[in-house]
Amino acid sequence: MARPRIPVLTHGFLAGWAVLTTLPLLWAVLSSFKSDTEILTDPWGLPSRIRWDNWGRAWTEAHLGRYFLNSAIVVTGALTLTMLLGAMAAYVLARYRFRGRRIVYLAFVGGMMFPVFLALVPLFFVVRNLGLLGTLPGLTLVYAAYSLPFAVFFLTAFFRTLPTSVAEAALVDGCGHFGLFFRVMLPMARPGLVSVGIFTFLWQWNQYVLPIVLLQGPDAERRWVLAQGLTALAVSEGYRGDYSGLFAGMTIAMLPVLLGYLAFHRQVQSGLAAGQLP
């Protein structure tokens, strides 16, 4: 029996892509433990010793701790709203038949194609008229609204793959529609929820344009999120030559995303594979 040929080109491309993706991350993490002299004279070498004071300086003097907390508050609230409302809307669109269902679904899908830059001006006035301009709750609601189309689009395809027999058995046993969703179907959709949660968290955590536009007003710097804080840190530390503090701040910003993916990467892969089934 002939052995299948190894797709050398494909494996080589994937290996090269992995190296291009991993090396910059490792270089940034290692540079966060170096001194400024080591970064400038030996950028590819290992640090002579671990310098945790770089992280402490970025956390306190550059106020990254405050920005990190603001980002955590906004993203936690927005992610909770996105997953809850997106899962409920996707479940109804996938499992129930009603007039206008296709139009509602296409409206959500169309929201994915609407660039955020085109909505900045009207969005600014809407948030200001609601009295939420320059506040973390206002930014939370905007994040959730912009994340909903992708969540509904992805989870609708995922809910369609769940077995109908389980839902019918639960209804026969006396389970209501709300109980069927929260106690039966939602736990079964965990791989898809984790996948959507990771991608949504990544988009919300790294968002920069929306906070710049919506976090305005007196004392707005205290309500900055991490992306804004990193930008200010890059400007200030670049002029001061404190590159070690800048790399430490970058690493602090990357850690939640990396840890989240490492913890849930298997669920992400299984959710993406399941969402592609007809």
* To do: Inspect the surroundings of CZ in Phe153 and state if more than 12 heavy atoms from other residues, nucleotides or ligands are less than 6.0 Å away.
  => no
Spacing of [atom1] belonging to [X] relative to [atom2] belonging to [Y], to within rounding of 0.5 Å:
X	Y	atom1	atom2	answer
Leu64	Met250	CG	CE	12.0 Å
Thr135	Gln216	OG1	CD	12.0 Å
Leu132	Thr140	CG	OG1	10.0 Å
Met88	Leu186	CE	CG	10.0 Å
Thr251	Leu25	OG1	CG	9.0 Å
Leu84	Thr80	CG	OG1	8.5 Å

Between [X] and [Y], is there a shared hydrophobic cluster once you connect ILVMFWY residues whose side-chain heavy atoms come closer than 4.5 Å?
X	Y	answer
Leu210	Phe199	no
Leu130	Leu148	no
Tyr208	Leu141	no
Val184	Met83	yes
Val29	Leu255	yes

* Asked: For Thr200, which residues count as a side chain to side chain donor-acceptor pair (under 3.5 Å) partner, sequence neighbours excluded?
  -> none
* **Partner residues of Arg66 under the salt bridge (charged side-chain N to carboxylate O under 4.0 Å, His left out) criterion, sequence neighbours left out** => none
* For Asp53, salt bridge (charged side-chain N to carboxylate O under 4.0 Å, His left out) partners two or more places apart -> Arg57
What residues form a side chain to side chain contact (heavy atoms under 4.5 Å, CB included) with [X], not counting sequence neighbours?
X	value
Arg102	Tyr105, Leu106
Arg101	Leu93, Arg97, Phe98, Arg160
Trp59	Phe68, Ile252
Phe13	none

* Asked: Are Arg49 and Glu38 close enough for a salt bridge, meaning some N to O gap below 4.0 Å?
  ->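 No.
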Would you check if [X] and [Y] make a side-chain contact, meaning some heavy-atom pair closer than 4.5 Å?
X	Y	value
Leu246	Leu233	yes
Phe124	Val121	no
Val209	Ile212	no
Ser195	Phe158	no
Leu30	Pro47	yes
Ser31	Tyr243	no
Tyr91	Leu155	no

With a 3.5 Å cut-off and sequence neighbours excluded, list the donor-acceptor pairs that the side chains of residues 217-226 form with protein atoms.
from   : atom 1 : to     : atom 2 : distance (Å)
Glu221 : OE2    : Tyr67  : OH     : 3.3
Arg223 : NE     : Gly134 : O      : 2.4
Arg223 : NH2    : Gly134 : O      : 3.4
Arg223 : NH2    : Pro218 : O      : 3.1

Would you find a donor on one side and an acceptor on the other, under 3.5 Å apart, between the side chain of [X] and the backbone of [Y]?
X	Y	answer
Trp55	Gly245	no
Lys34	Gly45	yes
Asn54	Ser35	no

Please give me the minimum heavy-atom distance between [X] and [Y], naming the atom from each residue.
X	Y	result
Pro211	Tyr143	CG-OH, 3.1 Å
Ala144	Leu81	CB-CB, 3.9 Å
Pro149	Phe108	CB-O, 3.1 Å
Thr231	Ala227	OG1-O, 2.9 Å
Phe154	Gly192	CE2-O, 3.9 Å
Ala58	Ala248	CB-CB, 4.2 Å

* Assign the ring pair Trp27 / Trp44 to parallel, tilted or perpendicular, where the plane angle (0 to 90°) is split at 30° and 60°. => tilted
Anything under 3.5 Å between a donor and an acceptor, one on a side chain of residues 165-182, the other on a protein residue two or more places apart or in another chain? List them.
from   : atom 1 : to    : atom 2 : distance (Å)
His177 : ND1    : Tyr96 : OH     : 2.8

* **Pairs involving residues 144-158, ordered by first then second residue, that meet side-chain hydrogen bond (donor to acceptor under 3.5 Å, both in side chains) (sequence neighbours left out)** =>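 Residue pairs with at least one partner in residues 144-158: Ser147-Gln204.
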* Can you list the other members of the hydrophobic cluster that holds Leu118, where links are side-chain heavy atoms under 4.5 angstrom apart? ->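 Besides Leu118, the cluster holds Phe114.
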All N/O donor-acceptor pairs, side-chain side in residues 16-24, below 3.5 Å, sequence neighbours left out:
from  : atom 1 : to    : atom 2 : distance (Å)
Thr21 : OG1    : Trp17 : O      : 2.8
Thr22 : OG1    : Ala18 : O      : 2.8

* Decide ring pair (Phe, Tyr, Trp, His ring centres under 6.0 Å) for Phe150 and Trp203; before the verdict, give the C-alpha distance in whole Å, the side-chain angles of both, and the deciding distance to 0.1 Å. => CA-CA 11 Å; Phe150 171 74; Trp203 181 85; over 10 Å; no
